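Heavy atoms only: backbone and side chains are in, while hydrogens, waters and symmetry mates are out. Just follow the structure's listing: the first ligand is 1, and inside any ligand the first atom is 1. The model shown is predicted, which means the values in this text are computed figures rather than measured ones.
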Amino acid sequence: MSPAASTASRFTPYAATEIAKGWDALYAFLLIASLISCILVIGGLIVFVIKYRRKVEGEKTPYISHSTTLEFLWSFIPFVIFMVVFVWGWKLFHDFRKMPENALEIAVEAQKWDWTFGYKSGRRVSGEFYVPINEPVKLVMTSKDVLHSFFVPAFRNKQDVVPGRYTTYWFQANALGNYQVFCAEYCGDKHSGMLAKVHVVTREQFDEWLSNDPYKGLSSVDIGQKVYAARCVACHQLTDAKGVGPGWKGMFGRSEKMADGSTITADENYIRESILNPNAHVVEGYPAGVMPTFAGQLNEQELMGIIDFIKTVK
Ligand code: CUA
């Protein structure tokens with residue numbers, strides 16, 4: 001069954017790892033235990049209210065001191081339930097946090113507002129990444145700006161991604177498919193658009209993907225469009241509408257008024273500078289320091305691709 005087809009009919013999102021199934025089982029146990037307790041307590045309350053209501057005017061309740069047996073039972077039974085939940089949860093958390101040694105390691109870099117994934121082979125991708133099925137994968141994550149959080153509902157993980165340090169997370173997907181990655185920590189205007197996809201594929205497909213040139217057979221404009229979809233779309237629209245950053249429609253060749261009062265023609269050099277050193281010249285009406293630098297993240301082919309793509313947005 002494909003993840004998409006099964007999600008709608010399920011109580012929780014599709015579970016694509018063993019740990020996810022473990023969390024779901026614990027969650028179901030907690031839910032059922034809570035429901036039973038709720039029925040016992042509220043039901044008992046209602047029964048007692050009716051059964052022991054005052055039937056005769058002026059009737060007094062006899063003085064009751066305590067019942068050792070009852071008090072023991074209502075302390076001991078919950079204690080056993082809580083210990084079951086504690087040990088069960090601890091075991092799951094232990095599995096969840098214990099990094100396997102033979103895992104495929106992927107470096108994850110978060111910045112407002114996208115995700116970049118770097119493989120040991122040197123391959124870097126944004127917006128989506130691939131992993132082989134039934135193999136442990138370890139993510140070593142860091143942020144370039146603010147606190148983000150890496151969240152894949154199908155894996156039931158959620159791990160903060162912190163600037164200035166690494167956090168780790170591992171998973172072993174056991175179902176082929178494409179799963180949604182969310183940012184689960186509010187990080188600014190486009191937090192809700194900080195998305196990515198994780199593709200779980202067979203080992204053969206993964207090896208083929210990893211060794212392929214991602215831009216094989218693509219024109220420079222197509223490369224630019226791909227980069228746009230992965231890196232720029234959160235802030236720059238393809239209309240002339242003002243988003244977090246300026247819309248791209250008709251931008252190339254236009255005279256832009258800068259915040260410092262100067263005027264610059266949006267040519268190749270201006271676009272390149274805006275991508276690599278965004279605060280050098282900020283367009284009037286936009287706050288400085290919002291656009292992150294993409295220096296070291298985009299290669300020459302990708303930079304040229306974006307410039308060629310912008311030229312086509314008219
Ligand atoms: Cu990154 Cu929210």
Task: Passing candidate, ring-ring contact (aromatic ring centres under 6.0 Å, His included) with Phe96, options Trp90, Phe155, Tyr169 - done: Tyr169
TODO: Confirm or rule out an N/O/S atom of Cys187, from backbone or side chain, lying less than 2.8 Å from atom 2 (Cu) of ligand 1.
DONE: yes
Task: Opening angle at atom 1 (Cu) of ligand 1 [SG, Cys183; ND1, His148; to 10 degrees] - done: 120°
Open item on the list: Just checking: Ser149, one of its N/O/S atoms, less than 2.8 Å away from atom 1 (Cu) of ligand 1, yes or no?
Closed with: no
Task: Salt-bridge contact Asp114-Arg231 (side-chain N to carboxylate O under 4.0 Å) - done: yes
Open item on the list: If you define the side chain from C-beta out and look only at heavy atoms, does anything of Leu92 sit under 4.5 Å from Leu26?
Closed with: yes
Task: Thr265 vs Arg254 side-chain heavy atoms within contact, under 4.5 Å - done: no
Open item on the list: To check your reading of the site, what angle at atom 2 (Cu) of ligand 1 do O of Glu185 and ND1 of His191 form, to 10°?
Closed with: 90°
